[in-house]
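Sharing a structure with you now.
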Amino acid sequence: MSDQETLMVRSKLVEYLTKASKVFGVELKLNSDGICFFKHDISGLEFIIELPPQSDIVYFYSPICRIPYDHTEQFFEKLLENNLHGVANRQASFGLDAKTQNIVLTFSISMRHIDAVSLGNILANFVEVAERASHNTKKWIEENEKQHPLPDKDMGNLDVHATHNNLKMKV
């Protein structure tokens with residue numbers, strides 16, 4: 001994209017976000033990096049809208065939960081089942097932010113396919129889907145913990161001695 005096209009796309013998104021701000025009652029504003037960040041009042045979820053430089057693709061994303069420490073195999077299996085064809089999440093998909101170890105819900109669309117009204121609809125839909133996904137992932141984690149309980153840390157008064165390199169340890 002040329003610099004002029006980039007400016008036009010960015011100015012359209014700024015216009016659309018300004019209109020959406022009035023509808024949602026929250027300031028939606030792109031910073032100099034092309035990122036709009038806001039936190040949902042009710043759910044507390046964080047949302048990001050991003051228009052990368054030299055791109056006409058708008059990204060919507062929200063961290064949903066951290067990867068659970070236990071039963072990750074069952075968790076990821078359930079996550080992938082719900083990711084299939086985007087059906088469960090209205091075309092949004094789950095991803096992994098390796099830096100933060102967060103599961104992120106994401107959706108992207110070209111600016112060529114949206115106007116101010118559709119941006120508002122996409123955003124409202126995405127917030128609703130993210131809230132449901134957050135609730136569901138927490139539920140999956142709880143279900144996994146119930147189905148696969150971890151052994152008690154306190155194993156009673158066991159007096160077990162292990163030796164390693166002539167050292168004795170009481171466990």
Side-chain angles (χ1 to χ4, degrees), residues 1-68 72 74-144:
M1 284 178 76
S2 71
D3 288 343
Q4 184 177 3
E5 290 171 318
T6 299
L7 273 171
M8 286 176 34
V9 168
R10 184 181 169 97
S11 105
K12 269 188 187 178
L13 183 57
V14 167
E15 174 190 337
Y16 299 168
L17 288 173
T18 301
K19 289 179 181 176
S21 292
K22 294 173 186 169
V23 173
F24 291 102
V26 62
E27 186 177 23
L28 302 172
K29 194 173 174 180
L30 283 183
N31 66 17
S32 60
D33 295 325
I35 297 171
C36 171
F37 170 86
F38 67 98
K39 193 169 190 173
H40 192 264
D41 289 344
I42 298 169
S43 67
L45 288 176
E46 297 173 346
F47 292 90
I48 297 97
I49 302 167
E50 182 176 3
L51 179 64
Q54 306 296 316
S55 176
D56 76 331
I57 305 295
V58 181
Y59 296 92
F60 299 81
Y61 47 101
S62 178
I64 298 299
C65 70
R66 293 197 43 93
I67 297 172
T72 55
Q74 294 90 351
F75 175 77
F76 279 115
E77 183 177 305
K78 191 73 168 173
L79 199 68
L80 287 171
E81 284 175 14
N82 280 271
N83 220 29
L84 184 63
H85 305 303
V87 175
N89 297 314
R90 298 183 194 155
Q91 302 309 310
S93 59
F94 291 112
L96 170 63
D97 182 339
K99 281 190 228 174
T100 64
Q101 295 296 292
N102 281 327
I103 300 299
V104 178
L105 187 71
T106 184
F107 178 77
S108 60
I109 189 166
S110 170
M111 283 291 292
R112 287 177 268 166
H113 301 295
I114 61 175
D115 58 20
V117 172
S118 61
L119 178 94
N121 291 336
I122 290 167
L123 184 55
N125 184 52
F126 187 74
V127 168
E128 180 184 322
V129 169
E131 288 174 335
R132 188 180 67 241
S134 175
H135 171 77
N136 287 344
T137 54
K138 289 174 186 167
K139 189 173 77 178
W140 301 336
I141 292 168
E142 289 171 8
E143 287 172 0
N144 278 333

Checklist line | Residues Asn121, Phe126; criterion side-chain contact (heavy atoms from CB on, under 4.5 Å); working and verdict | finding: CA-CA 8 Å; Asn121 291 336; Phe126 187 74; over 6 Å; no
Notebook entry, point to check: Is there a side-chain contact (heavy atoms from CB on, under 4.5 Å) between Leu79 and Trp140 once you walk through the steps?
Noted result: CA-CA 9 Å; Leu79 199 68; Trp140 301 336; 3.7 Å; yes
Next item on the list: Report yes if some heavy atom in the side chain of Tyr61 is under 4.5 Å from a heavy atom in the side chain of Glu50; otherwise report no.
Entry: yes
Note to self: For the CG atom of Leu13 and the CG atom of Leu30, what is their distance to the nearest 0.5 Å?
What the structure shows: 4.5 Å
Check: When rounded to the nearest 0.5 angstrom, what is the spacing between CZ in Phe37 and CG in Asn31?
Finding: 11.0 Å
Checklist line | Side-chain heavy-atom pair Pro63, Ile48 within 4.5 angstrom cut-off | finding: yes
Checklist line | Non-hydrogen side-chain atoms of Tyr59 and Pro52 separated by less than 4.5 Å | finding: yes
Next item on the list: Tell me yes or no: between the side chains of Asp115 and Ser118, is some donor less than 3.5 Å from an acceptor?
Entry: yes
Notebook entry, point to check: Do the side chains of Asn125 and Phe107 get nearer than 4.5 Å, heavy atoms only?
Noted result: no
Next item on the list: Kindly determine whether Phe24 and Leu17 satisfy side-chain contact (heavy atoms from CB on, under 4.5 Å), including the steps that lead there.
Entry: CA-CA 10 Å; Phe24 291 102; Leu17 288 173; over 6 Å; no
Checklist line | Met111 side chain reached by Tyr16 side chain, heavy atoms, under 4.5 Å | finding: yes
Note to self: With rounding to the nearest 0.5 angstrom, report the OG to CZ distance, Ser55 to Arg10.
What the structure shows: 12.5 Å
Notebook entry, point to check: Could you give the distance from NZ (Lys12) to CD1 (Ile114), rounded to the nearest 0.5 Å?
Noted result: 9.0 Å
Item checked: Residue pair His135 / Arg132, side-chain heavy-atom distance below 4.5 Å -> no
Note to self: Would Val104 and Ile64 count as a side-chain contact (heavy atoms from CB on, under 4.5 Å) here? Give the steps.
What the structure shows: CA-CA 5 Å; Val104 178; Ile64 298 299; over 6 Å; no
Notebook entry, point to check: Can any side-chain N or O of Asp97 pair as donor or acceptor with the backbone N or O of Lys99 at less than 3.5 Å?
Noted result: yes
Checklist line | Nearest-0.5 Å distance that lies between atom CE in Met8 and atom CG in Asp3 | finding: 13.0 Å
Notebook entry, point to check: Is the shortest heavy-atom distance from the side chain of Arg112 to the side chain of Asp56 under 4.5 Å?
Noted result: yes
Next item on the list: For the pair Ser62 (side chain) and Glu46 (backbone), establish whether a donor and an acceptor sit closer than 3.5 Å, ignoring hydrogens and angles.
Entry: yes
Next item on the list: Would you indicate whether the side-chain heavy atoms of Asn102 and Ile67 approach each other to under 4.5 Å?
Entry: no
Next item on the list: Please report the C-alpha distance between Lys19 and Glu15 in whole Å, then the side-chain angles of each, then the deciding distance to 0.1 Å, and finally whether the salt bridge (Lys or Arg N to Asp or Glu O under 4.0 Å) criterion is met.
Entry: CA-CA 6 Å; Lys19 289 179 181 176; Glu15 174 190 337; 3.4 Å; yes
Next item on the list: Look at the side chain of Glu5 and the backbone N and O of Ser2, then say whether any donor-acceptor pair between them is shorter than 3.5 Å.
Entry: yes
Check: From Ser134 OG over to Ile103 CD1, what is the distance, rounded to the nearest 0.5 angstrom?
Finding: 12.0 Å
Note to self: For Ile122, run the side chain to side chain contact (heavy atoms under 4.5 Å, CB included) check against Val117, Ile49, Val127, Ile109 and tell me which one passes.
What the structure shows: Ile109
Note to self: Main chain of Val26, side chain of Ser21: is a donor-acceptor contact present, judged purely on distance under 3.5 Å?
What the structure shows: yes
